[in-house]
Asker: 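I am attaching a structure below and will ask some questions about it afterwards.
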Number of protein chains: 2
Amino acid sequence: MEQNDKRQNNNFDRCTSGLRKAGVKLTHQRIEICREISGRTDHPDADAVFHAVRQRMPTISLDTVYRTVSTLINLGLIGTLDVAGESARFDNNIDPHHHFICNRCGEAYDFQSEELDNIVLPEEVKALGTVLDTRIQARGICFECAKKDQH
Amino acid sequence: MEQNDKRQNNNFDRCTSGLRKAGVKLTHQRIEICREISGRTDHPDADAVFHAVRQRMPTISLDTVYRTVSTLINLGLIGTLDVAGESARFDNNIDPHHHFICNRCGEAYDFQSEELDNIVLPEEVKALGTVLDTRIQARGICFECAKKDQH
DNA sequence: TTTGGTGCAAACCGTTTGCATCGCT
DNA sequence: AGCGATGCAAACGGTTTGCACCAAA
């Protein structure tokens with residue numbers, strides 16, 4: 001409990017001071033959005049954050065949540081679970097395999113590895129449920145984009 | 001090359017015979033969509049498949065691509081790269097960590113593991129680009145959902 | 001003839017944007 | 001007064017759906 005409060009405060013401070021450092025005004029709405037996201041251990045979407053904050057601040061709008069959350073992401077103060085805003089992409093490879101995804105162009109490259117297929121997950125995970133499939137997602141910059149960068 | 005043709009045929013057969021087995025009619029459009037997806041090593045989205053198939057079959061509609069692709073996914077004949085149709089979810093945990101995602105309810109649980117943070121990727125990946133971040137995504141059924149199943 | 005599949009258009013939903021207003025400083 | 005931040009409403013892009021038509025069994 002005490003431990004939990006501490007973590008929340010750390011998250012909250014990271015977000016608010018991060019915004020301040022970036023020269024972004026700390027408005028009431030932004031503070032409340034930070035508080036909401038920091039206090040959660042689940043992974044809410046924009047709408048969930050909006051509804052939660054609206055309890056305390058009935059005038060807030062969903063747009064402000066979107067704008068604030070997107071600044072937080074751009075500043076690296078929070079993360080996203082999946083690649084937002086992209087369209088669904090299909091994969092005809094249904095054998096176990098892994099992905100290297102380029103952060104710049106979004107291209108996904110497959111790679112295979114028997115070793116990685118047999119990864120042993122920590123005990124902790126067994127307490128969550130039954131694992132059916134384990135995949136690795138490596139992110140970085142692909143050579144195509146790296147080449148373009150050095151023009 | 002020969003190797004590649006073989007793989008494509010395998011994928012194509014898997015898709016078409018899978019549809020047949022499921023009692024779904026093998027129409028011209030569906031066959032072409034299967035052929036297109038099977039012949040690709042990249043990860044096209046619905047629109048890319050649509051444009052490619054339209055070259056050969058100018059009357060096909062985007063709707064049919066969506067419908068066919070969604071049957072293929074439901075039958076497990078192709079996979080998706082990311083969880084389609086879901087909204088973006090935020091994560092106040094920016095430390096390196098991994099996810100266990102429930103296939104039933106979509107809930108995402110964090111877990112940490114120093115071992116897994118230091119995973120060694122195969123040589124193959126180095127040829128693709130510079131890796132900045134490696135995360136594990138385990139999928140399965142969480143205990144909450146498992147409980148509900150046995151009502 | 002019946003049934004499922006298709007194309008079209010409209011709805012839908014999450015997200016973004018243009019614009020007028022608001023509230024600090 | 002000036003400027004960024006906000007709320008509103010409308011736009012947007014990917015996806016789904018209702019409906020009438022079509023084609024194969």
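First the proteins, then the strands, lettered A, B, ... as listed; each starts at 1. Source: prediction; values computed, not measured.
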Asker: Quickly, which of B:Val125, B:Thr41, B:Leu128 forms a side chain to side chain contact (heavy atoms under 4.5 Å, CB included) with A:Tyr109? Name it, please.
Answerer: B:Leu128
Asker: I'd like a table of atom pairs between the protein and nucleotides 9-13 of chain C - only N or O on both sides, under 3.5 Å - with the distance next to each one.
Answerer:
residue : atom : partner : partner atom : Å
C:dA9   : N6   : B:Asp63 : OD2          : 2.4

Asker: Could you work out the complete set of other residues in the hydrophobic cluster of A:Val120, with links drawn between I, L, V, M, F, W and Y side chains under 4.5 Å apart?
Answerer: none
Asker: Taking atom P of C:dT15 as reference, at what distance in whole Å does atom CG of A:Leu62 sit?
Answerer: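 After rounding, the reported distance stands at 8 Å.
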Asker: Name every residue in residues 70-79 of chain B that has at least one heavy atom under 4.0 Å from any atom of DNA chain C, in order of residue number, or write none if there are no such residues.
Answerer: none
Asker: Under a 4.0 Å heavy-atom cut-off, which of residues 42-49 of chain A touch DNA chain D?
Answerer: none
Asker: Going by side-chain hydrogen bond (donor to acceptor under 3.5 Å, both in side chains), name the pairs with one or both residues in residues 61-71 of chain A, residues two or more places apart or in two chains.
Answerer: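 Sorted result for residues 61-71 of chain A: A:Ser61-A:Asp63, A:Ser61-A:Thr64.
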Asker: Could you list by number each residue of residues 16-39 of chain B showing a heavy-atom separation from DNA chain C of less than 4.0 Å, or answer none if no residue does?
Answerer: B:Val24, B:Lys25, B:Thr27, B:Gln29, B:Arg30
Asker: Atom CD1 of B:Ile78 and atom NE2 of B:His43: how far apart are they, to the nearest 0.5 Å?
Answerer: 11.0 Å
Asker: Quick one: side-chain hydrogen bond (donor to acceptor under 3.5 Å, both in side chains) pairs with a partner in residues 14-27 of chain B, sequence neighbours left out?
Answerer: B:Asn11-B:Arg14
Asker: Identify, with sequence neighbours excluded, every residue that meets ring pair (Phe, Tyr, Trp, His ring centres under 6.0 Å) alongside B:His97.
Answerer: B:His99
Asker: Applying side-chain hydrogen bond (donor to acceptor under 3.5 Å, both in side chains), name anything that partners A:Asp133, two or more places apart in sequence or on another chain.
Answerer: A:Arg135
Asker: Looking only at heavy atoms, which two atoms of A:Cys15 and A:Leu77 are closest? And how far apart?
Answerer: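 Taking A:Cys15 first and A:Leu77 second, the nearest heavy atoms are O-CD1, 3.7 Å.
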Asker: What is the distance, to the nearest angstrom, from the CZ atom on A:Phe50 to the P atom on C:dG14?
Answerer: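 Roughly 13 Å, once rounded to whole Å.
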Asker: To the nearest 0.5 Å, what is the distance between CZ (B:Arg139) and CZ (B:Phe100)?
Answerer: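 Taking CZ in B:Arg139 and CZ in B:Phe100, the distance rounds to 9.5 Å.
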Asker: Where the side chain of A:Arg67 is concerned, which of C:dG14, D:dG7, C:dG7 is the nearest nucleotide?
Answerer: D:dG7
Asker: Sequence neighbours left out, what passes side chain to side chain contact (heavy atoms under 4.5 Å, CB included) with A:Asp42? Give chain and number order.
Answerer: A:Arg40, A:Pro44, B:Glu107
Asker: Quick one: is D:dT16 close enough that its OP1 or OP2 comes under 4.0 Å of any side-chain N or O from B:Tyr66?
Answerer: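 No, B:Tyr66 has no side-chain N/O under 4.0 Å of OP1/OP2 on D:dT16.
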Asker: Could you state the interatomic distance from CD1 (A:Ile119) to CD1 (A:Ile136), rounded to the nearest 0.5 Å?
Answerer: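 These two atoms lie 3.5 Å from each other.
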Asker: Which residues satisfy the ring pair (Phe, Tyr, Trp, His ring centres under 6.0 Å) test with B:Phe111, sequence neighbours excluded?
Answerer: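 For B:Phe111 the ring pair (Phe, Tyr, Trp, His ring centres under 6.0 Å) partners, ignoring immediate neighbours, are B:His98.
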Asker: Can you tell which of D:dT6, C:dT15, C:dG7 lies closest to the side chain of A:Thr64?
Answerer: D:dT6
Asker: Among residues at least two apart in sequence or on other chains, which ones pass salt bridge (Lys or Arg N to Asp or Glu O under 4.0 Å) with A:Glu123?
Answerer: A:Lys126
Asker: Rounded to the nearest angstrom, tell me the gap between atom CZ in B:Phe90 and atom C1' in C:dT15.
Answerer: 10 Å
